[in-house]
Amino acid sequence: MSSGAASSAGGAWPGVSGVSVAEITSKALATILGLAAAAPEDLEGLLFGRISGNLAVVESFLLTGAAWSLCGIRGDLAERARELAERKAKQQPPQRLLGWCSLRAGFADSSATASSSSSAAVGSAERRPTHRERRMHTALSSRAAEALGSAGLGCVLLRGADVGELGTFVLDVTCFVGKEMLPLALRVRNVGALAGELRRGAGPTAP
C-alpha cells in the first residue's frame, strides 16, 4: 500500500502503513449475519469504517449484490462499488472504504462422524479464498481502490449448509489484509471502548 495520502470524493484519506488488527462493530456484524442467514446464494459487498494506527474498525457493510457484482473477472472495480465508496466518503461522519466481504452460502460443515484429519482438510480447503474472492481482493488493492481509501482488507464468511435444531447455523469467518492476503484476526468491537472514544470527543470518524 502507498504510504502517501489517497484522495477520495470526501477529502484525503491517510495512507495505510500496516493494519495488523481488525475489529467490527455489533451493528455491522448484525447486518452481515442477517444477510448471510437469508441468502440462498453467494453474496458480496464492501466494508467501511476507519483506521487508527494499526487498527481497522469496520463500522458498516453495503451489499453490492450476487457473485461478481463487486468486480469483473479481470479484477476491475465495478461502477456500483465506486459509487458506494464515494457515497460513504461524503456522508457525515465520513467512512472510508476498508475492503470487501464475501458471504458464501451452504458450505459443507464437518460432521461428527467424519475423521478429524479429513474434517480438518475439508475445513482448510473451504476457508481458502476462491478465484472470485482473489479477484475482489485485487480490485480492492488496486490504485483506483486506494484512491477511494481502500485499506485492502478481505473477509470471507461461510454459512453452514445444515440448520441446527433451534434454527441456528454454523458460521466461519476468515480475514485477510494486504496484497499478499496475509491472515488477519477479526474481533467484535468492545462497546465500552467505543463509548469511551465518544466521551473523549474522538467519534467514529476517519482519522
Report summary line: Distance col, row F61:CZ vs K27:NZ, nearest 0.5 angstrom, shows 14.5 Å
Query raised in the report: Where do V19 and N54 land on the side chain to side chain contact (heavy atoms under 4.5 Å, CB included) test, with the steps shown first?
Result: CA-CA 4 Å; V19 171; N54 69 334; 5.8 Å; no
Query raised in the report: Under 4.5 Å between any side-chain heavy atoms of L33 and L157, yes or no?
Result: yes
Query raised in the report: Is there side-chain contact between I32 and L47, with at least one heavy-atom pair below 4.5 Å?
Result: yes
Requested in this report: Output the distance between atom CG (L29) and atom CD1 (I24), rounded to the nearest 0.5 Å.
Outcome: 5.0 Å
Query raised in the report: Is the shortest heavy-atom distance from the side chain of L46 to the side chain of K88 under 4.5 Å?
Result: no
**Report entry** From T64 atom OG1 to M136 atom CE, the distance as rounded to the nearest 0.5 Å
**Finding:** 8.0 Å
Query - Main-chain N/O of G178 paired with H137 side-chain donor or acceptor, under 3.5 Å - result: yes
Query raised in the report: At their closest point, which heavy atom of P94 faces which heavy atom of A89, and how far apart are they?
Result: CB-O, 3.3 Å
Query - Smallest separation among heavy atoms of R128 and R104, with atom names - result: O-NH2, 2.8 Å
Report task. Might you work through the side chain to side chain contact (heavy atoms under 4.5 Å, CB included) test for C155 and V173, ending with a clear yes or no? Result -> CA-CA 7 Å; C155 183; V173 180; 3.6 Å; yes
Query raised in the report: Are any of the side-chain heavy atoms of L63 and T31 separated by less than 4.5 Å?
Result: no
Report task. Looking only at non-hydrogen atoms, find the nearest pair between S69 and A66 and report the distance. Result -> OG-O, 2.7 Å
Report task. State, to 0.1 Å, how close A22 and L184 come at their nearest heavy-atom pair, and which atoms those are. Result -> CB-CD2, 3.6 Å
Query - Atom of A85, atom of L97 and distance for their closest heavy-atom approach - result: CB-CD2, 4.1 Å
Query - Main-chain N/O of T130 paired with E133 side-chain donor or acceptor, under 3.5 Å - result: yes
Requested in this report: Find the distance between CZ (R50) and CG (L55) and round it off to the nearest 0.5 Å.
Outcome: 7.5 Å
Query raised in the report: Are any non-hydrogen side-chain atoms of L77 and L70 less than 4.5 angstrom apart?
Result: yes
Query raised in the report: Does a side-chain heavy-atom distance below 4.5 Å link E59 with R189?
Result: no
Query raised in the report: From C101 SG over to L153 CG, what is the distance, rounded to the nearest 0.5 angstrom?
Result: 11.0 Å
Query raised in the report: Between W68 and H131, how do the two ring planes meet: parallel, tilted or perpendicular, split at 30° and 60°?
Result: tilted
Query raised in the report: Taking the side chain as C-beta and beyond, is there a heavy-atom pair between V21 and R187 under 4.5 Å?
Result: yes
Query - Any side-chain heavy-atom pair of P129 and M181 under 4.5 Å - result: yes
Report task. Kindly compute the distance separating CD (E79) from CG (L84), expressed to the nearest 0.5 Å. Result -> 10.0 Å
Requested in this report: Over all heavy atoms of both residues, which pair between G152 and S141 is shortest? Give the atoms and the distance, please.
Outcome: CA-OG, 4.2 Å
